[in-house]
Trainee: 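Quick one: structure below, then a few questions.
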Amino acid sequence: MHHDVVTLAALTDGSALSTWVLLVAGNLLAALIGIRAFKHFVKEDWGAMITMAIAAIFVAGFVWFPGEMRTLLGDLWDKVREA
């Protein structure tokens, strides 16, 4: 049984670790920003609340949809360069 757990927990390359860190740290960061947005909501600080909510959405996009966010930012950068 011990051997099976070690085999399952073994990382073969850095991509699995990178994905794991991105998910864990990204979810924690999105949750922290979401909590801060809620605190601003309670204090009725609407500008800060909207800023924190948008930041949480942005972070969540990178955590759950990294490929799509990379494409979106690349397309946005191309539009800026063309202007």
Side-chain angles (χ1 to χ4, degrees):
M1 175 89 177
H2 177 15
H3 178 68
D4 293 336
V5 173
V6 173
T7 303
L8 291 173
L11 296 173
T12 56
D13 62 1
S15 65
L17 179 62
S18 171
T19 302
W20 184 83
V21 169
L22 180 65
L23 283 174
V24 172
N27 283 325
L28 288 174
L29 182 60
L32 177 67
I33 293 171
I35 290 168
R36 289 187 60 154
F38 181 73
K39 286 181 181 179
H40 289 298
F41 172 75
V42 171
K43 293 191 310 187
E44 296 184 2
D45 185 3
W46 307 117
M49 181 198 70
I50 291 171
T51 303
M52 289 291 122
I54 290 172
I57 291 168
F58 192 71
V59 169
F62 271 110
V63 171
W64 294 318
F65 309 107
E68 290 83 352
M69 286 297 290
R70 194 173 195 167
T71 302
L72 175 74
L73 290 177
D75 293 344
L76 182 63
W77 180 249
D78 289 341
K79 296 287 183 193
V80 169
R81 265 193 332 199
E82 291 173 2

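Fair warning: this is a prediction, and the values are worked out from it, not measured in the lab.
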Trainee: Please say yes or no: joined through hydrophobic side-chain contacts below 4.5 Å, possibly via intermediate residues, are W64 and L28 part of one cluster?
Mentor: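 No, W64 and L28 fall in different hydrophobic clusters.
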
Trainee: Only one of H40, K39, K43 clears side chain to side chain contact (heavy atoms under 4.5 Å, CB included) with M49; which?
Mentor: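 Of all the options given, the one that passes is H40.
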
Trainee: What closest approach, in Å, do A56 and A30 show between heavy atoms, and which atom pair accounts for it?
Mentor: CB-O, 4.1 Å

Trainee: Side-chain contact, heavy-atom cut-off 4.5 Å: F62 with L73?
Mentor: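 The answer is yes, as the side chains (C-beta and beyond) meet within the 4.5 Å cut-off.
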
Trainee: Once rounded to the nearest 0.5 Å, what's the spacing between atom OG1 of T71 and atom CG of L76?
Mentor: 12.5 Å

Trainee: Over all heavy atoms of both residues, which pair between A37 and M52 is shortest? Give the atoms and the distance, please.
Mentor: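 Heavy atoms only, the tightest pair is CB-CB, 3.5 Å.
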
Trainee: Just wondering, are more than 12 heavy atoms of other shown residues or ligands nearer than 6.0 Å to CH2 in W77?
Mentor: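 Counting other residues, nucleotides and ligands, CH2 of W77 stays at 12 neighbours or fewer.
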
Trainee: How far does CG of L72 sit from CZ of F58, to the nearest 0.5 angstrom?
Mentor: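 Going from the CG atom of L72 to the CZ atom of F58 covers 8.0 Å.
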
Trainee: Would a hydrophobic clustering, with Ile, Leu, Val, Met, Phe, Trp and Tyr connected at side-chain separations under 4.5 Å, put F65 with L23?
Mentor: yes

Trainee: Which distance, rounded to the nearest 0.5 Å, do you find between the OG1 of T51 and the CZ of R36?
Mentor: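 Result: 10.5 Å between the selected atoms.
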
Trainee: Does CZ belonging to F41 count more than 12 external heavy atoms closer than 6.0 Å?
Mentor: no

